[in-house]
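Source: prediction; values computed, not measured.
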Amino acid sequence: MELVKAIPLGAILSGVISLIIGSQGSHGGQMAIYMAEVVDYRFWWSWPLFFAGSGLAWGIMMLQR
């Protein structure tokens with residue numbers, strides 16, 4: 001159940017950090033930030049940052065059990 005709660009937090013973290021770094025013209029090196037396009041909506045995204053953020057949120061929630 002904690003993983004289900006951690007996924008949206010990882011998405012928010014990834015979206016915010018990617019927006020800040022990507023809008024400055026950088027690709028973030030190991031974070032691999034890129035401009036994603038879904039239908040007509042474009043946004044900055046990073047899969048490695050999403051997995052790291054979800055893992056961090058999941059770990060914190062597991063510690064609170």
Side chain to side chain donor-acceptor pair (under 3.5 Å) contacts in which one or both residues fall within [range], not counting sequence neighbours:
| range | result |
| --- | --- |
| residues 55-65 | E2-R65 |
| residues 4-23 | none |
| residues 42-55 | Y34-W47 |

Does [X] sit in a hydrophobic cluster with other residues, and if so which ones, taking ILVMFWY side chains as linked at heavy-atom separations under 4.5 Å, directly or through other members?
| X | result |
| --- | --- |
| L9 | M61 |
| I60 | L56 |
| V16 | I12, I20 |

*Those residues that, when tested against I21, pass side chain to side chain contact (heavy atoms under 4.5 Å, CB included) (two or more places apart)*: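 Per chain and number, I21 pairs via side chain to side chain contact (heavy atoms under 4.5 Å, CB included) with I17, S26, M31, I33.
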*Any salt bridge (charged side-chain N to carboxylate O under 4.0 Å, His left out) pairs touching residues 14-37, not counting sequence neighbours?*
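Of all non-adjacent pairs touching residues 14-37, none passes salt bridge (charged side-chain N to carboxylate O under 4.0 Å, His left out).
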*What residue pairs, at least two apart or across chains, pass salt bridge (charged side-chain N to carboxylate O under 4.0 Å, His left out) with a residue in residues 15-25?*
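As it turns out, there is no salt bridge (charged side-chain N to carboxylate O under 4.0 Å, His left out) pair with a partner in residues 15-25 once direct neighbours are skipped.
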_With clusters defined by side-chain heavy atoms of hydrophobic residues (ILVMFWY) lying less than 4.5 Å apart, directly or transitively, does L13 cluster with V4?_
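No; tracing contacts between hydrophobic side chains, which count when under 4.5 Å, never links both residues.
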